[in-house]
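The next block holds one structure in the form of structure tokens; read it before the comments.
Excluded from the calculations below are hydrogen atoms, water molecules and symmetry mates; all remaining heavy atoms, backbone and side chain alike, are included.
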Amino acid sequence: MMRIGRADVSKASYSTTDVDNSSVKRQTDNSAAATELSPEEKERRHKEAIAYISSPEAHAFYRLLRRHECNPFNALFYDIEPLTEEGIRVRVKRASEFFDLPIPTMIGECETLAKITFSDSAELGSELQYDTKKLNEIGINNVDAFDAMLTHELSHQFVAGRRFNFCENRQWCDELACDFIVGVRCSANMIASGKYKYAVSTMRTSATHPDGSFRLKAVKSGFDFAEWLFRKKQRPTAEVAMLGLTRFLIANSKELNYSYHKFLTTPQAPPQKPIDIMDLPDSNLLKQAVLNHRAEQVRKNKDGTDQHI
């Protein structure tokens, strides 16, 4: 997080060795250090901590953490940003450079969430279609989330000539490969990953896509792999990501094949009817968040203030 929190990655400070960062280890270290402090020093540090909590720096850091956290409230209600043509153009160019691929033609219409079409000749470029409204509904509602989605689609073009024989369903491997690369690039280019992680985690098993739990694990593993490369002073690239991807697929091959066989042998449940949030009990936290959000929007409209969160 020290590295991600810096605008200039070359000036960031982070450990060059792997360390035990478990909660148990941190608690043990903190307790041991506290026993060596005088009462006056403890009081001074306590006051400093209280002051920091309300500081602009702390709020900026909490916002950074929130943008990387995977949960429905953050994905659907926080850090919503408009997708402008200029913002999309900049992100498309940067994503293409990461893969060393031609800049795709962007089309803001699609019958699915998003899809990419390309030829066997990479130099001919590609065509990427997307539906902003559908993407917003699943939490892809700011530039970073769109960038992660864009990375997933371009990854399909990047891995098109490769074969991953770690699952009987090759399409599952391809999808997980793309999600793994998303994690790598989110680390490499400091892209907030929380909304994308939430979006893929909600996906259900299908003939072409594995369960959302595998997809979430792939994004996290790709991110961790890139962070490990940084600690080793190596630059994460799409090509280097293939090394970590192979390890990830091998480690999860057994579970993937088990899940695929379960999908083939389990009768498919009828499609669920959409749930109206307003039909949920008043104690439901999601309903409360929606009502609060709507009330806030009404208040802002009356005040004439900015309508974006």
Side-chain angles (χ1 to χ4, degrees), residues 75 79-162 164 170-203 206-210 212 215-216 218-219 222-223 226 236-239 241-242 245:
D79 304 310
I80 299 174
E81 302 162 354
L83 292 175
T84 63
E85 290 187 9
E86 176 62 18
I88 291 176
R89 186 189 66 79
V90 170
R91 295 304 181 104
V92 169
K93 182 177 183 295
R94 191 168 66 158
S96 300
E97 291 173 347
F98 179 79
F99 292 101
D100 193 22
L101 289 171
I103 297 176
T105 301
M106 304 296 290
I107 301 176
E109 295 180 358
C110 187
E111 68 275 12
T112 60
L113 292 170
K115 69 176 183 178
I116 188 171
T117 55
F118 51 88
S119 68
D120 293 335
S121 300
E123 64 273 8
L124 297 180
S126 58
E127 182 179 275
L128 199 154
Q129 297 175 268
Y130 60 94
D131 188 314
T132 304
K133 183 177 179 181
K134 292 188 180 75
L135 292 171
N136 283 336
E137 290 174 353
I138 65 170
I140 307 298
N141 51 28
N142 68 17
V143 180
D144 274 358
F146 184 88
D147 202 343
M149 179 279 296
L150 172 67
T151 301
H152 177 95
E153 297 304 327
L154 285 175
S155 295
H156 277 295
Q157 184 177 1
F158 180 75
V159 303
R162 305 170 192 262
F164 306 106
R170 242 178 56 194
Q171 288 178 293
W172 282 24
C173 282
D174 288 345
E175 292 298 330
L176 290 176
C178 295
D179 286 330
F180 186 91
I181 296 173
V182 169
V184 171
R185 183 163 180 256
C186 282
S187 169
N189 292 155
M190 293 183 285
I191 300 168
S193 59
K195 290 178 181 286
Y196 181 84
K197 286 188 292 192
Y198 169 75
V200 298
S201 72
T202 63
M203 301 299 178
S206 69
T208 57
H209 292 71
R215 301 192 63 184
L216 175 60
V219 180
F223 191 96
T237 65
E239 195 62 46
M242 294 298 98
L245 171 63

Residues two or more places apart in sequence or in another chain: which of them pass side-chain contact (heavy atoms from CB on, under 4.5 Å) with [X]?
X      : result
Asp100 : none
Thr84  : Glu86
Ser155 : Phe99, Thr151, Cys178, Ile181
Glu97  : Lys93

Handout entry: Any donor-acceptor N/O pair, Lys197 side chain to Leu216 backbone, under 3.5 Å
Key = no
Handout entry: Check against side chain to side chain contact (heavy atoms under 4.5 Å, CB included), Met242 and Leu245
Key = CA-CA 5 Å; Met242 294 298 98; Leu245 171 63; 3.9 Å; yes
Exercise for the section: Start with the C-alpha distance between Ile103 and Arg89, add both sets of side-chain angles, then the distance that settles side chain to side chain contact (heavy atoms under 4.5 Å, CB included), and finish with yes or no. Expected result: CA-CA 9 Å; Ile103 297 176; Arg89 186 189 66 79; over 6 Å; no
Hey, could you give me the [atom1]/[atom2] distance between [X] and [Y], rounded to the nearest 0.5 Å?
X      : Y      : atom1 : atom2 : value
Lys195 : Asn142 : NZ    : CG    : 5.0 Å
Tyr130 : Ile116 : OH    : CD1   : 13.0 Å
Cys173 : Arg162 : SG    : CZ    : 14.0 Å
Ile88  : Phe146 : CD1   : CZ    : 4.5 Å
Asn141 : Asp79  : CG    : CG    : 8.5 Å
Asn136 : Leu83  : CG    : CG    : 7.0 Å

Closest heavy-atom pair and its distance - [X], [Y]:
X      : Y      : answer
Phe98  : Val184 : CZ-CG1, 4.4 Å
His152 : Asp179 : ND1-OD1, 3.0 Å
Ala207 : Trp172 : O-NE1, 3.7 Å
Leu113 : Ile138 : CD1-CD1, 3.7 Å
Pro104 : Val92  : CD-CG1, 3.6 Å
Arg215 : Tyr196 : NH2-OH, 3.8 Å

Practice task
Determine whether Val159 and Phe164 make a side-chain contact, defined as any pair of heavy atoms from C-beta on separated by less than 4.5 Å.
Solution key: yes
Handout entry: Side chain proximity check, Pro210 to Leu176, heavy atoms < 4.5 angstrom
Key =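 Yes, their side chains come closer than 4.5 Å.
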Practice task
Write out all pairs satisfying salt bridge (charged side-chain N to carboxylate O under 4.0 Å, His left out) with one or both partners inside residues 140-161, taking only residues at least two apart or from two chains.
Solution key: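 Listed by first then second residue: Arg67-Asp144, Arg91-Asp144, Arg91-Asp147, Arg94-Asp147, Asp147-Arg185.
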Handout entry: Sequence neighbours excluded - side chain to side chain donor-acceptor pair (under 3.5 Å) pairs with any residue from residues 104-116
Key =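 Counting only pairs at least two positions apart or across chains, the side chain to side chain donor-acceptor pair (under 3.5 Å) contacts touching residues 104-116 are Glu111-Lys115.
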